[in-house]
Participant: 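Quick one: structure below, then a few questions.
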Amino acid sequence: ERRRDLFSLRGVVSRDTVRGGNFARNFRVETLTTDLEAVLKEPEFNLMVIATRHDVHADQVVQCLTAGKHVFVEKPLAITWDQYENVVSTYRGIENPPLLMVGFNRRFSPALQKVMELVRDRRGPLMINYRMNAGYIPPENWVQGPQGGGRNIGEACHIYDIFRALAGAPVAEVSATPIIPRGDAHLRNDNFTATILYEDGTVGNLLYTAQGPRDGLAKERAEIFCDGEAYIVDDYKSLYKAGDKNPLWTSSEVDKGHFDQLVLLGNAIVEGGSSPIEPEVIFETTAVALTID
């Protein structure tokens, strides 16, 4: 709605014709179908936005790339190594591939963009501590099962992308430690710590838990230490430098970079530029999540 100069919604592909039909009518969409291949044959469709359940992301990405369409896929890119290899080999096998973008939006938030600017000329590596108070999702929910791949692959991947964006260097080592569940109420892959070392010496540590409260504690908090300073991102509503009373950035609403991410992608398509996140970085982050799992 805010950037109609870049985007217009021309069609919807949905297996649920009732909800898909309601969506199409509400947004006056021209094309509604259950057949992805039919849409891929139409030249007026430039960008495919994949927001299906996680287990079909990879296959749909491969279909779209092979058809020459630009792709924005909500995370995760893949939930198994076989899916991952299929996407990577397909992309690398296309001589002039379309743009491929995954919804790792947090790196584009105003708070993290400011931090990246502040640490760009740092003298030493970063130490990053990130806490995600993710909230409880029952084991029987689709997110936790074969369609979702679990919350490490489905959500914590956001944080591995943040670490990579801040470090600006490839991954060197990965380690992780989960809880030992008592009973089946809490799962290992939504209660764990993951530590990633980057080739520049940066260390990113994630504490991801589903055991915290929904009220009284923000969902996400990042502390970035560097060159005698510390920067605190509190739930994507504020950014402070330790010791300063005045914020470096603040907002009345959570801003995780969704809008900025899509604008950058739209501009890249129009101007013939590259993806806002390099595909090889997307592949690396996906491999990190799979390795941790």
Participant: Identify whether V102 and L290 are in the same connected component of the hydrophobic contact network (ILVMFWY, side-chain heavy atoms under 4.5 Å).
Facilitator: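 Yes, V102 and L290 fall within the same hydrophobic cluster.
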Participant: Less than 4.0 Å between a side-chain N and a carboxylate O, is that true for E155 and K219?
Facilitator: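 Salt bridge flag = yes for E155 with K219.
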Participant: How many angstroms lie between atom NZ of K41 and atom NZ of K69, to the nearest 0.5 angstrom?
Facilitator: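 Interatomic distance, K41 NZ to K69 NZ, rounded to 0.5 Å: 12.0 Å.
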Participant: Given 3.5 Å as the limit, does a donor-acceptor pair link the side chain of D235 with the main chain of K237, or not?
Facilitator: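 Here the side-chain-to-backbone pair does not exist.
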Participant: Determine, using the 4.5 Å side-chain heavy-atom cutoff (strictly less than), whether L9 and L6 are members of one ILVMFWY cluster.
Facilitator: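 No.
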Participant: Look up atom CG in L239 and atom NZ in K114, then write down how far apart they are to the nearest 0.5 Å.
Facilitator: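 Reported value, rounded in 0.5 Å steps: 8.0 Å.
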Participant: Give a yes or no on whether the backbone of I282 and the side-chain of T285 come within a donor-acceptor separation of less than 3.5 Å.
Facilitator: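 Answer holds: no.
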Participant: Are I179 and Q211 side-chain neighbours, meaning at least one heavy-atom pair lies under 4.5 Å?
Facilitator: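 When only atoms from C-beta onward are counted, Q211 and I179 do touch, with a gap below 4.5 Å.
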Participant: Any side-chain heavy-atom pair from N152 and F192 closer than 4.5 angstrom?
Facilitator: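 A side-chain contact under 4.5 Å exists here.
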Participant: Hey, mind stepping through V73 and Q60 against side-chain contact (heavy atoms from CB on, under 4.5 Å) and telling me if it holds?
Facilitator: CA-CA 9 Å; V73 57; Q60 291 173 344; over 6 Å; no
Participant: Grouping I, L, V, M, F, W and Y whenever their side-chain heavy atoms are under 4.5 Å apart, do Y160 and V115 come out in a common cluster?
Facilitator: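 Linked, Y160 and V115 end up in one cluster.
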Participant: Ignoring hydrogens and angles, tell me if any N or O in the side chain of D244 forms a donor-acceptor pair with the backbone of N246 under 3.5 Å.
Facilitator: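 No; zero donor-acceptor contacts below 3.5 Å.
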Participant: Does one hydrophobic cluster hold both I277 and V49, with members joined at side-chain heavy-atom distances below 4.5 Å?
Facilitator: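 Both belong to a single hydrophobic cluster.
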Participant: Give a yes or no answer on whether the side chain of H70 reaches the backbone of P98 with a donor-acceptor pair at less than 3.5 Å.
Facilitator: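 Side chain of H70 to backbone of P98, a donor-acceptor pair under 3.5 Å: no, none is there.
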Participant: Tell me if a side-chain donor or acceptor on S109 pairs with a main-chain N or O of K256 at a distance below 3.5 Å.
Facilitator: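 Absent.
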Participant: Is it the case that more than 12 heavy atoms not belonging to E42 sit under 6.0 Å from its CD atom?
Facilitator: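 For E42, atom CD is crowded (more than 12 foreign heavy atoms under 6.0 Å).
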Participant: Are any side-chain N or O atoms of H186 and backbone N or O atoms of A210, one a donor and one an acceptor, separated by less than 3.5 Å?
Facilitator: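 Not at all, since once roles are kept as given, no pair shorter than 3.5 Å links the two residues.
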Participant: Under the side chain to side chain donor-acceptor pair (under 3.5 Å) definition, can you give me all pairs with a residue in residues 115-144, not counting sequence neighbours?
Facilitator: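 Those involving residues 115-144 are R122-D200, N129-N205, Y130-E220, Y130-Y236, Q144-D190.
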Participant: So, does N191 use its side chain to make a donor-acceptor pair with the main chain of T209 at under 3.5 Å?
Facilitator: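 It does not hold such a pair.
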Participant: Any chance you could lay out the side-chain contact (heavy atoms from CB on, under 4.5 Å) test for L40 and F45, step after step, and finish with the verdict?
Facilitator: CA-CA 7 Å; L40 294 177; F45 289 97; over 6 Å; no
Participant: Verify whether one side chain among N86 and Y91 offers a donor that lies under 3.5 Å from an acceptor in the other.
Facilitator: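 Not at all, the side chains of N86 and Y91 share no donor-acceptor pair under 3.5 Å.
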Participant: Backbone N or O of H158 within a donor-acceptor pair of the K75 side chain at under 3.5 Å?
Facilitator: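 No.
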Participant: Can we say R3 and D5 salt-bridge, meaning some charged N sits less than 4.0 Å from an Asp/Glu carboxylate O?
Facilitator: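 Judged by the 4.0 Å cut-off on N to carboxylate O distance, R3 and D5 do form a salt bridge.
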Participant: Treat each ILVMFWY residue as a node, draw an edge where side-chain heavy atoms are under 4.5 Å apart, and state whether V288 and W81 are in one component.
Facilitator: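 No, it is not one cluster - the side chains of V288 and W81 are not joined through contacts under 4.5 Å.
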Participant: Side-chain contact test, heavy atoms from C-beta onward, threshold under 4.5 Å: evaluate it for H54 versus I153 and give yes or no.
Facilitator: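 No - every pair of side-chain heavy atoms lies 4.5 Å or more apart.
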Participant: Using only heavy-atom distances, determine whether the side chains of Y198 and R164 contain a donor-acceptor pair under 3.5 Å.
Facilitator: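 No donor-acceptor contact under 3.5 Å links the two side chains.
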Participant: Are any non-hydrogen side-chain atoms of V61 and L77 less than 4.5 angstrom apart?
Facilitator: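 V61 reaches L77 side chain to side chain.
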Participant: Exactly one of I196, I128, T195 should register a side-chain contact (heavy atoms from CB on, under 4.5 Å) with V203. Which one does?
Facilitator: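 By the side-chain contact (heavy atoms from CB on, under 4.5 Å) criterion, V203 pairs with just one of I196, I128, T195: T195.
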Participant: Please report, to 0.1 Å, the donor-acceptor pairs under 3.5 Å made by any side chain of residues 170-177, with sequence neighbours excluded.
Facilitator:
none

Participant: For the CG atom of L262 and the NE2 atom of H258, what is their distance to the nearest 0.5 Å?
Facilitator: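 It is 8.5 Å, given to the nearest 0.5 Å.
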Participant: Hey, are the side chains of S14 and T34 touching, using non-hydrogen atoms and a 4.5 Å cut-off?
Facilitator: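 Sidechains of T34 and S14: no contact.
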Participant: Is it true that a side-chain atom of H57 and a backbone atom of P76 form a donor plus acceptor pair closer than 3.5 Å?
Facilitator: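 Present.
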Participant: Show your working on side-chain contact (heavy atoms from CB on, under 4.5 Å) between V71 and L65 and close with a plain yes or no.
Facilitator: CA-CA 7 Å; V71 178; L65 290 175; 3.9 Å; yes
Participant: Compare all side-chain heavy atoms of L36 with those of Q63 and state whether any distance is below 4.5 angstrom.
Facilitator: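 Sidechains of Q63 and L36: in contact.
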Participant: Report the distance from atom OH of Y240 to atom CG of L248, rounding to the nearest 0.5 Å.
Facilitator: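 The CG atom of L248 is 9.5 Å from OH of Y240, to the nearest 0.5 Å.
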Participant: With a 3.5 Å distance limit and no angle check, can you tell me whether Q83 reaches the backbone of I79 through a side-chain donor-acceptor pair?
Facilitator: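 Between the backbone of I79 and the side chain of Q83 there is a qualifying donor-acceptor contact (under 3.5 Å).
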Participant: Within this structure, what is the CD1-CD1 distance for the pair I162 and I224, rounded to the nearest 0.5 Å?
Facilitator: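 Between I162 CD1 and I224 CD1, I get 8.5 Å after rounding to 0.5 Å.
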Participant: Rounded at 0.5 Å granularity, tell me how far CZ in F108 sits from CZ in R106.
Facilitator: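 Between F108 CZ and R106 CZ, I get 13.0 Å after rounding to 0.5 Å.
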